Amino acid sequence: MNDKMDNAKTQVENTWRRFWDDHKDFDSKWVRHVLHNLAEYLPFVFEYEAAKEGFTTMLEKSGVELLHFDWTIAGEDLPVSALEKLRIYRLYLAVRAYAFYGLKLEDANRGADWETFLDIADLGMTTQSWLRDQEAKRSFSAARARLKLDHPEWLAGLSADEVAALAGVSRKSVMNLLAPKSGGTFQMRTDGSISVESARAWLEARPDFRPSIWHLQEDLFLARPGQKDFIDGDPVWVPVAKDGTWFSPEHALPDGCFHVVCDNYREEQTFGDYWEALDFLSRATSPLWRCPDEAGRWYLKSASCWDRKTRKEIETKIGQTREER
């Protein structure tokens, strides 16, 4: 009995690590598309300034620190480190964890869950353009398929699209297995859907199929790898550009100074001390700083949000930079 429990625990922990390894720095086009559409639609419902303030406030209340950016294209500009703080990002991660890994992610923040979102989408209550992204369509279809497998008491059959999404094959491949010459791989119900029993038997025979193991997660403490409740050391806020580049001690120019700009008067300021330069940027209305590209050319980067580092981490980089000079 203990061996069986140990094996189950190992299976869950390995799958949990695999999920997070596969989704490290995961960037979702679907989440960005939803944000873009929200920004597009709000000015048709509310006055422009009200929509701008409301959208910005919602992002900030969600933990996304904003600076100078065009709020109407926030979906394109936000770095992944900011995107992952949004509930819809966590919702989509939960969909993928369940659909393709058989896991359930718990969200400490209360609100609508992804199953409710699926119900709303099935009722046609979401904007249709939200569901056009092919990656998202497959994820949601696979989640629906697994729900039906996990709940045979619903007496609901699976569509060919759902089976294909969960198996990672084309719809045509599934339709071919529905043909009489396939030897009855799938059993078709009177409503034209595929029976849960035949779908399960076919999926479980596939070496790449992951069975549902969420019911084995009970009593296991599972945290995102590398995630901590608190950061180690004193927090320091640094500006981050939309490509993820943050203002670093490594950005001192060959003259040994940091070149920074405040949007108010666009005059480039130079500081020999990193902390003085960071203080300047923290007070600037639209912070910009020079940093090199891959060719070694120094361009201005514009801050789109702020991120936390530790004082120790920055001091270490300052020491390393001095040694390299």
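Computed from a predicted model, the values in this text were never measured in an experiment.
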Legend entry - side chain to side chain donor-acceptor pair (under 3.5 Å) partner of His259, chosen from His251, Glu268, Gln269: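 With His259 as partner, side chain to side chain donor-acceptor pair (under 3.5 Å) holds for just one option, Glu268.
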Inset, instruction - Quickly, which of Arg17, Gln11, Arg18 forms a side chain to side chain donor-acceptor pair (under 3.5 Å) with Asn14? Name it, please. - result: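 Testing each of Arg17, Gln11, Arg18 against Asn14, the sole residue satisfying side chain to side chain donor-acceptor pair (under 3.5 Å) is Arg17.
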Inset, instruction - Could you please spell out the steps behind the side-chain contact (heavy atoms from CB on, under 4.5 Å) verdict for Ser212 and Leu149? - result: CA-CA 9 Å; Ser212 291; Leu149 293 178; over 6 Å; no
Legend entry - Beyond-backbone contact of Trp246 with Asp307, side-chain heavy atoms, under 4.5 angstrom: no
Legend entry - Heavy-atom check, side chain of Gln217 versus side chain of Lys104, under 4.5 Å: yes
Legend entry - Donor on one side chain, acceptor on other, Arg87 and Ser62, under 3.5 Å: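 Ser62 and Arg87 do not have a side-chain donor-acceptor pair below 3.5 Å.
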Legend entry - Any donor-acceptor N or O pair under 3.5 Å, side chains Tyr89, Ser28: no
If the threshold is 4.0 Å, N to carboxylate O, is there a salt bridge linking [X] and [Y]?
| X | Y | result |
| --- | --- | --- |
| Arg297 | Asp293 | yes |
| Lys137 | Asp161 | no |
| Lys148 | Glu162 | yes |

Legend entry - Parallel, tilted or perpendicular: rings of His151 and Trp154 (30°, 60°):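 Parallel.
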Legend entry - Candidate pair Phe280 and Phe258, rule ring pair (Phe, Tyr, Trp, His ring centres under 6.0 Å), full reasoning: CA-CA 11 Å; Phe280 175 90; Phe258 299 93; over 10 Å; no
Inset, instruction - Measure from the ring center of Tyr274 to the ring center of Phe247 and say whether it is less than 6.0 Å. - result: yes
Inset, instruction - Give, for atom CG of Leu42 and atom CE of Met58, the distance between the pair rounded to the nearest 0.5 Å. - result: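 So the gap between those two atoms works out to 5.5 Å.
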Inset, instruction - Starting at CH2 of Trp289, measure out to CZ of Phe271 and round the result to the nearest 0.5 Å. - result: 15.0 Å
Inset, instruction - State whether the number of non-hydrogen atoms from other residues, nucleotides or ligands found under 6.0 Å of Phe46 atom CZ is greater than 12. - result: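 At most 12 heavy atoms, drawn from other residues, nucleotides or ligands, come within 6.0 Å of this atom.
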Inset, instruction - Determine whether more than 12 heavy atoms belonging to other residues, nucleotides or ligands lie under 6.0 Å from atom CD of Glu76. - result: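 Result for CD/Glu76: enclosed.
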Legend entry - Trace of the side-chain contact (heavy atoms from CB on, under 4.5 Å) decision for Glu84 with His23: CA-CA 11 Å; Glu84 65 182 10; His23 291 79; over 6 Å; no
Legend entry - Evaluation steps, side-chain contact (heavy atoms from CB on, under 4.5 Å), between Leu177 and Val163: CA-CA 11 Å; Leu177 293 175; Val163 174; over 6 Å; no
